[in-house]
Amino acid sequence: MEKIGKIAVIGDSESVTAFLAIGAAVFKADDEYNAADVLRELSKSDEYAVILITENYAAKTEALMQKLKAQAYPVVLSIPGSTGSNGFGLAGVKKDVEKAVGVDLLF
């Protein structure tokens with residue numbers, strides 16, 4: 001079954017504002033607690049098929065991120081923030097690939 005929905009982006013103001021240009025719903029968070037609350041609320045809604053969250057907030061809400069990964073929708077991905085990547089997103093992709101394939105292909 002195909003899921004049709006919107007894209008939501010959670011992060012600090014500098015990191016998420018540009019996503020307005022592609023029509024994404026932007027949710028500005030002041031800290032990791034606010035970001036976690038927004039992520040929880042958006043994940044309960046059927047409105048969003050993809051939720052992007054900046055790495056600095058994703059790293060601090062890792063338990064919630066893992067819980068949401070067990071569900072098919074919404075897809076929750078971490079993206080670098082305005083200050084650049086802290087490696088959290090790549091580490092998650094690496095872990096997922098290793099789990100799926102059984103081998104670390106990304107080294």
Side-chain angles (χ1 to χ4, degrees):
M1 177 173 85
E2 184 177 337
K3 174 82 172 179
I4 298 174
K6 298 178 185 176
I7 298 173
V9 185
I10 305 168
D12 60 273
S13 181
E14 290 179 19
S15 300
V16 300
T17 303
F19 286 93
L20 289 169
I22 64 165
V26 170
F27 297 88
K28 298 173 185 174
D30 298 326
D31 56 34
E32 67 267 17
Y33 303 109
N34 182 237
D37 290 341
V38 172
L39 180 57
R40 240 181 249 102
E41 289 302 312
L42 294 179
S43 67
K44 292 176 186 175
S45 167
D46 286 339
E47 189 173 355
Y48 299 100
V50 177
I51 301 173
L52 306 175
I53 183 169
T54 55
E55 285 181 334
N56 57 329
Y57 292 151
K60 294 174 182 171
T61 60
E62 188 171 7
L64 178 57
M65 295 277 293
Q66 291 302 320
K67 180 180 174 186
L68 294 174
K69 275 188 175 185
Q71 303 172 7
Y73 289 101
V75 175
V76 181
L77 302 169
S78 60
I79 57 172
S82 61
T83 58
S85 177
N86 64 10
F88 180 79
L90 182 59
V93 169
K94 184 177 178 179
K95 183 178 172 184
D96 292 343
V97 168
E98 187 172 351
K99 182 178 178 181
V101 179
V103 178
D104 181 8
L105 296 175
L106 302 177
F107 303 104

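Predicted model only: the values in this text are computed from it and were never measured. In what follows, residues are counted from 1 in the order of the sequence shown.
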Quick check: closest heavy atoms across [X] and [Y], and the distance to 0.1 Å?
{"X": "Asn56", "Y": "Thr54", "value": "OD1-OG1, 2.7 Å"}
{"X": "Ile53", "Y": "Ala58", "value": "CG2-CB, 3.8 Å"}
{"X": "Ala36", "Y": "Leu64", "value": "O-CD2, 3.8 Å"}
{"X": "Asp12", "Y": "Tyr57", "value": "N-CE1, 3.6 Å"}
{"X": "Ala49", "Y": "Tyr73", "value": "O-CD2, 4.0 Å"}
{"X": "Lys28", "Y": "Val16", "value": "CG-CG2, 3.8 Å"}

Checklist line | Hphob cluster co-occupancy, Leu20 + Ile79, side-chain heavy atoms under 4.5 angstrom | finding: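 As far as the 4.5 Å side-chain criterion goes, Ile79 and Leu20 are connected within one cluster.
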
Working to the nearest 0.5 angstrom, can you tell me the gap between [X] [atom1] and [Y] [atom2]?
{"X": "Thr61", "Y": "Lys67", "atom1": "OG1", "atom2": "NZ", "result": "12.5 Å"}
{"X": "Met65", "Y": "Leu77", "atom1": "CE", "atom2": "CG", "result": "7.5 Å"}
{"X": "Lys6", "Y": "Asp46", "atom1": "NZ", "atom2": "CG", "result": "12.5 Å"}
{"X": "Ile7", "Y": "Glu47", "atom1": "CD1", "atom2": "CD", "result": "12.5 Å"}
{"X": "Ser15", "Y": "Leu52", "atom1": "OG", "atom2": "CG", "result": "12.0 Å"}

Notebook entry, point to check: Do Thr17 side-chain atoms and Glu14 backbone N/O form a donor-acceptor pair below 3.5 Å?
Noted result: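 It does not hold such a pair.
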
Notebook entry, point to check: With respect to Val76, which candidate in Leu39, Ile10, Leu42 satisfies the side-chain contact (heavy atoms from CB on, under 4.5 Å) definition?
Noted result: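 So the option named by the test is Leu39.
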
